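No experiment lies behind these values; they were computed from the predicted model shown.
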Amino acid sequence: MSGHIVVAGASLGGLRAAEQLRAAGWTGGITVIGDEPHPPYNRPPLSKEVLAGKASFASLAFTPKASATDVRWRLGTRIVSARLAGRTVELDDGSVLSYDRLVVATGMRPRRLPCPGPVAGRHTVRTIDDAQVLRGELTRPGARVVVVGAGFIGCEVAATAVGLGAAEVTVVDPLPLPMIGPLGELLARELRGRHERRGVRFVLGAGVAGFEGGDRVTGVVLTDGTALPADVVVESVGSVANTEWLDGNGLDLGDGVLTDEHLRVGGRPDVVAVGDVARFPNARYDGVPRRVEHWSVPTDSAKHAAKVLVAGDARLRPFAPLPTFWSDQHDFRLQSFGAPGLGLGDVRVLDGDLAGDVLVGYHRDGPLVGVVALGGPSAARAAARYRADLLKQPALTAQGALS
């Protein structure tokens with residue numbers, strides 16, 4: 001099959017897209033373009049094992065499948081614009097590439113706080129370089145660390161900082177409990193207790209008004225007037241989709257790239273989106289397009305999108321993945337299958353108890369839509385047993401049930 005496919009984005013989604021395009025039968029050229037100088041690597045360990053010094057940066061690199069060894073990689077290069085009608089992309093070095101088909105896999109970047117004050121001493125965790133610089137800061141004796149944001153990354157970094165011996169670790173969030181959005185109140189309250197018993201302090205219900213210091217941050221001022229001393233600040237306040245390069249093409253870029261049920265962009269058969277930049281309707285649950293920032297999504301979406309791009313969608317059912325996430329914090333793990341966020345109105349303990357290993361189920365209008373385990377290996381195994389049950393649930397679309 002002749003022609004040229006450009007894959008915009010060289011992280012996990014871009015790598016899996018290239019591999020799956022070969023698996024789907026594409027024999028033409030494939031060029032993967034990414035703004036980082038590093039080959040594709042595993043990001044979840046950055047805030048945990050790598051930051052803690054338990055895994056090397058070199059160990060993160062993915063090894064492409066043999067079928068994709070002929071793929072051309074252009075790393076350290078950013079796409080600045082695209083003209084979908086003319087099937088071209090322009091790079092930051094001024095060059096223009098033509099394509100026959102396009103994969104959008106440009107992912108996310110960390111959101112930054114638009115607050116006054118010094119910049120030095122404020123960090124995010126998204127790239128290898130971010131983690132390397134932050135590790136050097138966290139290992140300074142007597143470090144006082146303020147983590148802004150009590151989501152996945154924020155809680156993981158807080159746990160890692162405690163493990164590295166930071167003098168003080170404080171997590172700030174305007175919400176009433178850590179990770180309450182994806183977990184709900186029951187587990188979020190227990191999660192807070194487990195962090196506090198291991199040395200993390202929470203200041204909840206307040207945001208950040210600004211940063212103190214001259215050349216470098218020395219403190220964080222909250223919206224309620226509280227001042228927190230800080231030698232290191234980690235901003236974990238969400239992500240922004242890398243979609244600016246697609247401006248001017250009449251696409252819905254309000255929250256990532258809107259796709260249809262087959263991951264096609266803007267109704268075009270020659271453009272698909274994969275990974276956490278894609279806002280797609282999951283036929284397993286409903287027709288509402290959502291972005292899903294879980295590690296499993298780049299692989300799942302790449303497999304479906306490659307088949308659509310190469311062979312069309314005539315024989316394919318709508319995309320209906322079962323999202324999966326895990327998060328290692330201190331000496332326990334959160335393990336999830338499904339979409340617990342859709343069942344926060346009906347949360348039940350399925351196995352164990354909150355004092356130890358526990359498995360919690362999330363139900364929407366009766367059926368189970370997600371499970372989350374909190375604890376050790378036995379809790380994770382309990383969650384995995386429910387994975388088959390969740391997969392058996394009939395997938396739903398606007399037209400009805402799919403077998």
Could you tell me which non-hydrogen atom of S98 sits nearest to which non-hydrogen atom of V6, and how far apart they are?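 So the minimum-distance heavy-atom pair works out to O-CG2, 4.3 Å.
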Specify the closest pair of heavy atoms between G14 and V7, including all atoms of both residues, with the distance to one decimal.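 Where G14 meets V7 most closely, the heavy atoms are CA-CG1, 3.6 Å.
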So, using salt bridge (charged side-chain N to carboxylate O under 4.0 Å, His left out) as the criterion, who are the partners of [X] when residues are at least two apart?
X	answer
E196	R192
D328	R333
R197	E190
R348	D346

Are a donor atom and an acceptor atom from the side chains of T127 and D129 found within less than 3.5 Å of each other?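 On atom types as modelled, these side chains do not qualify, holding no pair under 3.5 Å.
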Check whether the side chains of H4 and T31 place a donor and an acceptor atom closer than 3.5 Å, and report yes or no. yes
R264 side-chain N/O to P269 backbone N/O, donor-acceptor pair under 3.5 Å: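 No: the side chain of R264 does not pair with the backbone of P269.
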Between the side chain of S59 and the main-chain N/O of A55, is any donor-acceptor distance below 3.5 Å? no
Contacts of T160 that satisfy side-chain contact (heavy atoms from CB on, under 4.5 Å) - sequence neighbours left out: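 side-chain contact (heavy atoms from CB on, under 4.5 Å) check on T160 returns L51, A52, L164.
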Check the pair W245 / T106 against side chain to side chain donor-acceptor pair (under 3.5 Å), numbers first and verdict last. CA-CA 10 Å; W245 63 281; T106 39; 3.2 Å; yes
Counting heavy atoms not belonging to R216, are there more than 12 under 6.0 Å from its CZ? yes
Those residues that, when tested against H363, pass ring pair (Phe, Tyr, Trp, His ring centres under 6.0 Å) (two or more places apart): none
So, do [X] and [Y] sit near enough that their side-chain heavy atoms are less than 4.5 Å apart?
X	Y	answer
F202	V172	no
V234	V148	no
V104	L246	yes
L374	D357	no

Would D313 and K307 satisfy salt bridge (charged side-chain N to carboxylate O under 4.0 Å, His left out), going step by step from the backbone distance to the final call? CA-CA 7 Å; D313 64 350; K307 292 176 181 177; over 6 Å; no
Aromatic ring proximity F325/F337, centre distance under 6.0 Å: no
Pairs touching residues 13-39 that satisfy salt bridge (Lys or Arg N to Asp or Glu O under 4.0 Å), sequence neighbours left out: R16-E19, R22-D70, E36-R43
Can you list every salt bridge (Lys or Arg N to Asp or Glu O under 4.0 Å) pair that touches residues 155-182, not counting sequence neighbours? K48-E156
One pair to check against side chain to side chain donor-acceptor pair (under 3.5 Å): S327 and Q329. What are the steps and the verdict? CA-CA 6 Å; S327 178; Q329 302 173 24; 2.8 Å; yes
Whether F62 and W295 hold their rings parallel, tilted or perpendicular, with breakpoints at 30° and 60°: tilted
Parallel, tilted or perpendicular: ring planes of H330 versus H195, cut at 30 and 60 degrees: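 Judged by the thresholds at 30° and 60°, the geometry between H330 and H195 is perpendicular.
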So CD1 of I5 and CG of D100: to nearest 0.5 Å the spacing works out to 8.0 Å
Quick one: pull up CZ in R87 and OH in Y99 and give me the separation to the nearest 0.5 Å.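 That separation rounds to 7.0 Å.
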Just list the side-chain donor-acceptor pairs under 3.5 Å for residues 111-121, sequence neighbours left out, or say none.
from	atom 1	to	atom 2	distance (Å)
R111	NH2	S239	O	3.1
R112	NE	E235	OE1	3.2
R112	NH2	E235	OE2	3.3

Non-neighbouring partners of [X] that pass side-chain hydrogen bond (donor to acceptor under 3.5 Å, both in side chains), sequence neighbours left out:
X	value
D93	R74, S95
Q20	none
D351	none

